[in-house]
Each structure stands twice: as C-alpha cells, then as structure tokens.
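Okay, so here's the structure we're looking at.
Numbering of ligands and ligand atoms starts at 1, following listing order.
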Amino acid sequence: MIGFLGPHGTYTEQAAKFFAFMFGETSVPIRPYASITQVFDAVEIGDVMYAALPIENSLEGSVLVTLDRLSVAPLYIFAEVSLPIRHAVFGWKDTDHDRVKQVLSHPQALAQCRNTLLRLFPYAVHIDVDSTAAAIAKVAKEQDPTQVCVGSVEAGQATLLQLLHMDAQDVPDNVTRFVLIGQQEHPVPVSIAQAAAVHKTSLLLQLGDDHPGALYDVLKVFAKSELNLSRLESRPTKKGLGSYQFYLDVLGVRDDARVLDALQQIEQIEGFSMRDLGSYPCFTHFK
Ligand SMILES: O=C(O)C(=O)Cc1ccccc1
C-alpha cells in the first residue's frame with residue numbers, strides 16, 4: 001500500500017499512481033491521507049508500506065514539511081519521479097474577478113501562481129489548504145462566487161465548478177519532484193531501479209564543530225571524485241540561530257565504486273555526521 005497526500009485529485013496522487021505502476025505485476029494499491037504529516041505518521045507506524053510525497057518544486061524550491069520530517073524520521077527514499085505541473089483556476093459560473101475575495105490552494109500551488117493570481121484577482125487573499133484537491137472540494141461545496149481555487153484541470157473538471165484559467169503557474173515550465181519513501185527493511189523490487197537511467201544518493205550532513213572550510217572539506221571530496229551534485233540545501237537544525245544541516249543529492253548510485261569511496265572519505269572527516277537518506281532511481285513522467 002502506498003499512502004499519499006490526498007484526497008483524490010492531488011498531484012501527489014498522480015505520482016503515487018506512477019510509483020504503483022512501477023511495481024508492475026505486484027502493483028500496489030494507493031490510499032489518500034489529508035496532510036503530509038498524516039502520510040508520514042502512516043508510513044512510520046506501518047499503516048502503509050510506502051508513502052508518496054512532494055519534495056521539491058522547480059519554481060518554489062523544497063517542500064519544507066517533507067524535508068524536515070525526513071530529517072528526523074527513520075525512513076529512506078526508494079524512488080523519485082518528476083512531473084510537469086500545470087495549474088488551473090476554477091470557480092463558479094460567471095465569476096466576477098474583481099469580486100473574488102479568496103483564492104484557496106496548497107501553499108506550493110499558490111506560490112507557483114502568485115503573480116498570475118494577483119493579476120487575475122487583485123482584491124483576493126490567498127488561503128492555504130492541505131492540498132489542491134481539498135481546496136477544489138471546499139470551493140465546490142460552499143458554492144460561494146467570491147471564492148476560487150487552484151488545482152489540476154482533471155480534479156476541477158470532476159466537479160460542477162467552471163474552468164476559469166488554464167496554466168496559471170507563473171513560469172510555463174513548472175516541475176515537481178515526488179519521492180517514494182518507506183522503512184529500510186521494505187526495499188522496492190530491483191526491477192524498479194533497473195528501469196531508470198539516472199540514480200541519486202541523498203545525504204544529510206550535520207556539522208559537529210563549525211570551523212572555516214568545514215563544508216568545503218566535504219565538497220572537495222565530491223569534486224575530486226568527479227561526482228556531480230544535483231542539490232545542496234541548508235536547513236536549520238532547530239538547535240539555535242545560525243545552526244544548519246545540509247541536504248546533498250549526489251548523481252550516482254551508492255554501489256558505484258566512486259560514490260562508495262567518496263562516502264567513506266567523508267565519514268572519516270572529523271566533526272561530521274552523515275545520514276544516508278537513500279540511493280534510488282529517478283524518473284521523469286510526461287502525461
Ligand atoms: O496539493 C497537491 O495537489 C499536492 O500534491 C501538493 C502539490 C502542490 C503543488 C504542486 C505540486 C504538489
């Protein structure tokens with residue numbers, strides 16, 4: 001079973017369906033949860049074997065709820081899929097744009113459409129909802145012509161709402177990365193890894209003692225090993241202002257001799273602790 005950020009109609013459901021399809025013959029069912037936190041709870045207590053969650057967007061950057069929980073949860077990334085995201089705006093028939101008071105959606109969707117929404121609905125406030133599909137359901141239920149919502153065209157068209165605008169994202173090329181995560185003892189079939197041309201290894205680094213060049217010492221290892229980093233991100237450790245941990249995505253699979261060697265070298269650097277968040281296949285899926 002794959003838990004995902006629901007309800008039905010979210011972008012994460014599209015990713016969950018992709019992952020389920022990758023299981024092939026042993027195709028697994030998917031189950032919606034109302035929030036990212038609830039999906040994490042479900043996979044941690046073993047209610048579901050896997051979880052599908054958004055982790056990063058090409059316009060807005062990291063989905064912090066996912067990233068921060070991943071740093072403390074004993075979970076691993078097993079696969080990644082990047083999906084192009086096209087946002088649509090839905091409302092009631094004959095919506096008067098100047099009278100719209102509220103635009104509801106997931107905060108990432110609102111952020112990805114910020115400028116377009118300001119232009120279309122200059123007097124509206126943006127309201128965060130747990131998912132795009134939850135926002136669509138709320139606007140469809142309340143039948144209030146001063147509310148509109150942002151979500152996928154398929155989810156909106158499954159309601160009585162009217163499609164007001166297509167492609168509301170501020171930049172046409174809008175892509176979100178979704179990850180399949182789970183407990184280490186439940187790896188996915190090797191056929192999934194074999195189906196991908198690109199693999200990544202994700203690491204979480206914590207500096208023990210901060211000193212000049214501490215991060216450089218780590219980056220030098222990757223540079224000398226000619227390993228490409230596809231991401232480097234700092235997040236607060238929450239232990240005090242100015243205290244950071246680092247997320248790194250290395251292009252390469254952990255079993256690769258160069259990656260193994262680099263990781264061993266980093267482990268020997270004093271003052272660092274490194275957590276392996278998984279080594280996994282990366283897919284891109286165009287509908
Ligand atoms: O709310 C959704 O539909 C999600 O799956 C989260 C999300 C929101 C915006 C872009 C990508 C994923």
Side-chain angles (χ1 to χ4, degrees), residues 2-21 30-43 48 50-70 77 79-90 102-117 126-141 147-159 161 163 165-181 231 282-287:
I2 301 175
F4 68 93
L5 170 65
H8 290 296
T10 60
Y11 297 106
T12 309
E13 182 179 28
Q14 297 174 14
K17 283 183 173 163
F18 175 85
F19 291 130
F21 172 78
I30 63 173
R31 181 191 288 168
Y33 288 85
S35 65
I36 292 180
T37 305
Q38 280 160 280
V39 181
F40 267 106
D41 290 344
V43 71
V48 290
Y50 304 108
L53 290 166
I55 191 161
E56 187 184 8
N57 175 264
S58 59
L59 305 186
E60 273 305 301
S62 288
V63 179
L64 299 180
V65 191
T66 305
L67 212 55
D68 286 352
R69 181 80 182 254
L70 200 55
I77 305 173
E80 161 191 312
V81 64
S82 296
L83 301 180
I85 304 287
R86 295 179 65 180
H87 293 299
V89 183
F90 285 89
Q102 296 184 329
V103 187
L104 283 72
S105 199
H106 184 275
Q108 278 264 336
L110 292 172
Q112 290 159 25
C113 305
R114 190 177 293 122
N115 298 333
T116 310
L117 293 173
H126 299 180
I127 311 247
D128 288 357
V129 179
D130 279 330
S131 72
T132 55
I136 291 172
K138 195 162 186 290
V139 173
K141 187 166 158 231
Q147 282 186 337
V148 295
C149 51
V150 178
S152 81
V153 72
E154 297 85 356
Q157 279 174 340
T159 67
L161 293 173
L163 174 63
H165 299 278
M166 235 351 261
D167 284 320
Q169 63 278 5
D170 290 338
V171 173
D173 234 357
N174 183 27
V175 178
T176 296
R177 282 173 61 217
F178 296 85
V179 283
L180 181 74
I181 60 176
R231 181 170 183 219
C282 304
F283 301 94
T284 302
H285 185 60
F286 296 99
K287 276 190 287 178

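Residue pairs satisfying the side chain to side chain donor-acceptor pair (under 3.5 Å) criterion with at least one member in residues 128-137, sequence neighbours excluded, are absent. Residue pairs meeting the salt bridge (Lys or Arg N to Asp or Glu O under 4.0 Å) criterion with at least one member in residues 51-70, sequence neighbours excluded: Asp41-Arg69, Glu44-Arg69, Glu56-Arg177, Glu56-Arg231, Asp68-Arg235, Asp68-Lys238.
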Per-pair distances, ligand 1 N/O vs protein N/O, less than 3.5 Å:
unit_1	atom_1	unit_2	atom_2	d
ligand 1	1 (O)	Thr132	N	2.7
ligand 1	1 (O)	Thr132	OG1	3.3
ligand 1	3 (O)	Tyr11	N	3.0
ligand 1	3 (O)	Thr132	OG1	2.5
ligand 1	5 (O)	Tyr11	N	3.4
ligand 1	5 (O)	Thr12	N	2.9
ligand 1	5 (O)	Thr12	OG1	2.5

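Closest approach of Ser58 to Asp173, counting heavy atoms only: OG-O, 3.7 Å.
With Thr66 contributing its side chain and Leu53 its backbone, the two residues share no donor-acceptor pair below 3.5 Å.
For Val153, the side-chain contact (heavy atoms from CB on, under 4.5 Å) criterion is met by Ala88, Phe90, Gln157, Leu163, Met166, not counting sequence neighbours.
Screening Gln169, His87, His106 for a side-chain hydrogen bond (donor to acceptor under 3.5 Å, both in side chains) with Gln112, the sole residue that qualifies is His87.
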